[in-house]
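Values below: every heavy atom of this structure, side chains too, minus hydrogens, waters and symmetry copies. So you know, we letter chains A, B, ... as the sequences are listed, proteins then strands, and number each from 1.
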2 protein chains.
Amino acid sequence: MSGNTPNDQRRTLTLRDVSEASGVSEMTVSRVLRNRGDVSDATRERVLEAAKRLGYVPNKIAGALASQRVNLVAVIIPSLSNLVFPEVLSGISEELEESGLQPVFGVTNYSAEREEMVLYEMLSWRPSGVIIAGLEHTPAARAMLENAGIPIVEIMDVDGPVVDSVVGISHKRAGLEMARTIVRAGYRKIAFLGTKMPDDHRARKRLEGFEAGLAEAGIELVDREFYSGGSALLKGREMTEAVLSRNPEVDFLYYSNDMIGAGGLLYCLDHGIDVPGRLGLAGFNGVDLLDGLPRRLATMDACRREIGRRAAAIIAGHSESGVIGGERVELTPVLQPGDTIRQA
Amino acid sequence: MSGNTPNDQRRTLTLRDVSEASGVSEMTVSRVLRNRGDVSDATRERVLEAAKRLGYVPNKIAGALASQRVNLVAVIIPSLSNLVFPEVLSGISEELEESGLQPVFGVTNYSAEREEMVLYEMLSWRPSGVIIAGLEHTPAARAMLENAGIPIVEIMDVDGPVVDSVVGISHKRAGLEMARTIVRAGYRKIAFLGTKMPDDHRARKRLEGFEAGLAEAGIELVDREFYSGGSALLKGREMTEAVLSRNPEVDFLYYSNDMIGAGGLLYCLDHGIDVPGRLGLAGFNGVDLLDGLPRRLATMDACRREIGRRAAAIIAGHSESGVIGGERVELTPVLQPGDTIRQA
DNA sequence: CTGAAAGCGCTAACAA
DNA sequence: TTGTTAGCGCTTTCAG
């Protein structure tokens, strides 16, 4: 019916096809399609017309092999369901938009082993750079990063040794400052609620910093409660109930993230608990979800989008200049006191 | 210091390096590294040892070019911040895990133009398949999909013409059934609240179906309210307030997604509005976030994870069998009445 | 079980 | 401004 010969169907088009269709050498076709070098307008026209008519899509695999250049940036994060990482990704995408680089995402599910596998897989595509969440990697992963010969940016965290560049915040400090703020506000019986964190190193560091901050005032945590999986909002409720029933004297709950904090807040409101008078609450991340709650949960902005942007900018910069050199960007998270910490 | 010659630093390793280090031909090294063909255990050992010692990472670009096989699946979605898509992606990742295929994500921001660009970019890497959200594409994008010669799975929606395979739900029907349920429950003064939807075709179709369902009972929407951007929870509150102040007689609010619905629910609870007696509420998606709210919002599960799984399974199946043929999977979303629709 | 030759589709480098 | 030649690093195919 449609003048297709059988073979038109299954073979994908090559430069050669465009070359033949336009009567121009493959090399010139290549130049036109990449906007490289000088090509006469007439030739350019003919080539573009032919390419479009045929529906030619260049083969980047061949291009990358020949040019030894790949416009991909590997981005490796622990999770997509965390709400935090999509924002980082948005920051990265935005920043990379103009640079001709394309982010490619890999997810580790907070597993160091999976991280190693994903990293291996991605490096085998020879990307122009790697953005990877966290500073904790398996020895093999670290070796791969060190030997990749491309810019590596570790993000989210700055507390520890770094492979190359780093963009993030100090979670220890974030915990520390939250503790000081809480103590200053007069709370004394403080409990922590968070994820089970064998591999969530940032939450762990926040807790460490938090305990250090309490220790400055001679205070120890009254209780801790951990969860994993499930609806964070619901878990926040359940954990809050558990802690309060175990320790009626508790006067502050520090949550490792805003979602469980929001669950706790809703629980308190439901049960007529005076917040922040009788009980103070604080979370972490500064997710804009909180804006719609009946009361604003105290939190600390993790600078997620900014982290993504800055990391991407480092990769884009290096891919232009060709230089590889470790940069260090430590952002300062801002405490958002909200309505759940009483005034000192 | 560390016996590295200068050049060791900047060149990435090739098969040849492993070949020389192990005293085995490149071909045999290749066989070992891919677990292909028969290789003696002794040789295998030597090769693996050498590869590991050198820290060799195969070059998939060259491999893909030579073998004409790429283990990548292009996944194209409108947004990451929508909360809905990360779940689809999880489903895809899970299903692809065992298949040796790797998902690669691209984001369009609900723009058909961007979709076209992203698609072009991804096709130029010659993936083994494409999973793409929605049925609405630019003519050029549609042409690319049709000519790609690989399995294409359009997801989320089944209301319209399809390129190849499709996995999704009928949003028209979802809206229709929600309308019928609401009418059956006795509500009559009904308003719609949703995203501005020039390009959110699924929300548009739900609204169309919803209006059709109301029309069956001779009912017309009392009011509509649209938003874009910002914290969905907060927007839900604001829009709810706006609609209720414009139309005090309204007795039901249908939200185009659960987040704004949750905002509306919180608003009503704050203001002592009798839900579902005086005012009924319903959203769409069935996000598990809702589990933690003071009351469960009526909603309809969009089968997000399942859609991801099924779509991935189609690609994986075809990549094994080599056959390309359109499959059609229509999932049935289940109404979750929650606590915000009164019993008929 | 192992190796040699050819080439995947494109681009760098040079020539015309 | 355009064309020619020689690979990029790997895998396919075929021969030993």
Side-chain angles (χ1 to χ4, degrees), chain A residues 10-48 50-51 54-72 100 121 123-128 149 322, chain B residues 10-48 50-51 54-72 100 121 123-128 148-149:
Chain A
R10 296 260 51 83
R11 227 183 87 270
T12 57
L13 271 24
T14 69
L15 263 193
R16 170 178 223 103
D17 296 302
V18 182
S19 164
E20 286 172 358
S22 63
V24 174
S25 78
E26 287 187 39
M27 197 53 232
T28 301
V29 172
S30 170
R31 288 196 182 96
V32 170
L33 264 23
R34 285 178 299 145
N35 285 314
R36 277 268 160 58
D38 297 313
V39 181
S40 73
D41 284 354
T43 314
R44 157 168 285 111
E45 288 292 298
R46 287 170 57 197
V47 169
L48 289 176
L54 297 177
Y56 172 70
V57 178
N59 185 329
K60 286 221 183 193
I61 296 173
L65 183 61
S67 68
Q68 305 281 52
R69 242 189 295 283
V70 179
N71 69 336
L72 261 26
E121 198 71 16
L123 284 182
S124 73
W125 287 100
R126 301 288 188 266
S128 296
Chain B
R10 296 262 49 83
R11 228 183 87 272
T12 56
L13 271 25
T14 70
L15 262 191
R16 171 178 219 103
D17 295 302
V18 182
S19 163
E20 286 171 358
S22 62
V24 174
S25 78
E26 287 186 41
M27 198 51 238
T28 300
V29 173
S30 170
R31 287 199 182 93
V32 171
L33 263 23
R34 286 178 299 145
N35 284 314
R36 275 274 159 54
D38 297 312
V39 181
S40 73
D41 284 353
T43 317
R44 156 168 283 108
E45 288 292 302
R46 288 170 57 199
V47 169
L48 288 177
L54 298 178
Y56 172 69
V57 177
N59 185 330
K60 287 223 181 189
I61 297 175
L65 183 61
S67 67
Q68 306 281 53
R69 245 189 294 281
V70 179
N71 69 337
L72 262 24
E121 198 73 16
L123 284 182
S124 72
W125 286 100
R126 300 288 187 267
S128 296

Practice problem: Looking only at side-chain atoms of V24(A), point me to the closest of dG7(C), dT2(C), dG3(D). | Solution: dG3(D)
Practice problem: Please determine if a side-chain N or O atom of R34(B) lies less than 4.0 Å away from the OP1 or OP2 oxygen of dT11(D). | Solution: yes
Quiz item: Rounded to the Å, how far apart are L13(A) CG and dC8(C) P?
Solution: 15 Å
Self-check item: Candidate nucleotides dG9(D), dA12(C), dT11(D), ranked by approach to the side chain of Q68(A) - the nearest
Solution: dG9(D)
Quiz item: According to a strict under-4.0 Å criterion, is S67(B) in side-chain N/O contact with OP1 or OP2 of dC10(D)?
Solution: no
Quiz prompt | Separation of atom CE in M27(B) from atom P in dG16(D), rounded to whole Å | solution = 17 Å
Quiz item: So, the side chain of S19(B) versus the backbone of L15(B): is there a donor-acceptor pair under 3.5 Å, distance only?
Solution: no
Self-check item: Per L15(A) side chain, nearest of listed nucleotides dA12(C), dC8(D), dC10(C)
Solution: dC10(C)
Quiz item: Of all the choices, dA12(C), dG9(D), dG3(C), which nucleotide is nearest to the side chain of T14(B) once you look at every atom?
Solution: dG9(D)
Quiz prompt | Side chain to side chain, N59(A) and T14(A), heavy atoms closer than 4.5 Å | solution = no
Self-check item: Closest nucleotide among dT2(C), dT12(D), dG9(D) to the R69(B) side chain
Solution: dT12(D)
Quiz item: For R16(B), does the CZ atom sit with more than 12 other heavy atoms under 6.0 Å from it, leaving out its own atoms?
Solution: no
Practice problem: Would you indicate whether the side-chain heavy atoms of R44(A) and V47(A) approach each other to under 4.5 Å? | Solution: no
Quiz item: Choosing from dT2(C), dC8(D), dT2(D), which nucleotide comes nearest the side chain of L65(A)?
Solution: dC8(D)
Quiz prompt | Of the listed nucleotides dT11(D), dC14(D), dT2(D), the one nearest the side chain of R31(B) | solution = dC14(D)
Self-check item: Phosphate contact (dT4(D) OP1 or OP2) by S25(A) side-chain N/O below 4.0 Å
Solution: no
Exercise. Identify which nucleotide among dG3(C), dC10(C), dG3(D) has an atom closest to any side-chain atom of E26(A), counting heavy atoms from C-beta outward.
Key: dC10(C)
Quiz item: Could you give the CZ-to-P distance, from R16(B) to dA5(C), as a whole number of Å?
Solution: 13 Å
Practice problem: Please state how far atom CZ in R36(A) lies from atom P in dC10(C), giving the value in whole angstrom units. | Solution: 16 Å
Quiz item: Closer than 4.0 Å, any side-chain N/O of Y56(B) to the OP1 or OP2 of dC10(D)?
Solution: yes
Exercise. Mind calculating the distance between CZ (R46(A)) and P (dT1(D)) to the nearest angstrom?
Key: 16 Å
Quiz item: 5'-most contact on DNA chain C: R126(B) or D41(B), nearest heavy atom basis?
Solution: D41(B)
Exercise. Determine the contact category for D38(B): base if any of its heavy atoms lies under 4.0 Å from a base atom, sugar-phosphate if only primed atoms, P, OP1 or OP2 are that close, otherwise nothing.
Key: base
Quiz item: Should we count CD of E20(B) as having more than 12 external heavy atoms under 6.0 Å?
Solution: yes
Practice problem: Return the nearest nucleotide to the side chain of A62(B); candidates are dT4(D), dT11(D), dG9(D). | Solution: dG9(D)
Self-check item: Residue A66(A), side-chain atoms from C-beta onward, closest of dT11(D), dC1(C), dG7(D)
Solution: dG7(D)
Exercise. Would you please confirm or rule out a distance under 4.0 Å between OP1 or OP2 of dT2(D) and any side-chain N or O of T28(A)?
Key: no
Self-check item: Check: S124(A) side chain, V57(B) main-chain N or O, donor-acceptor pair, under 3.5 Å
Solution: no
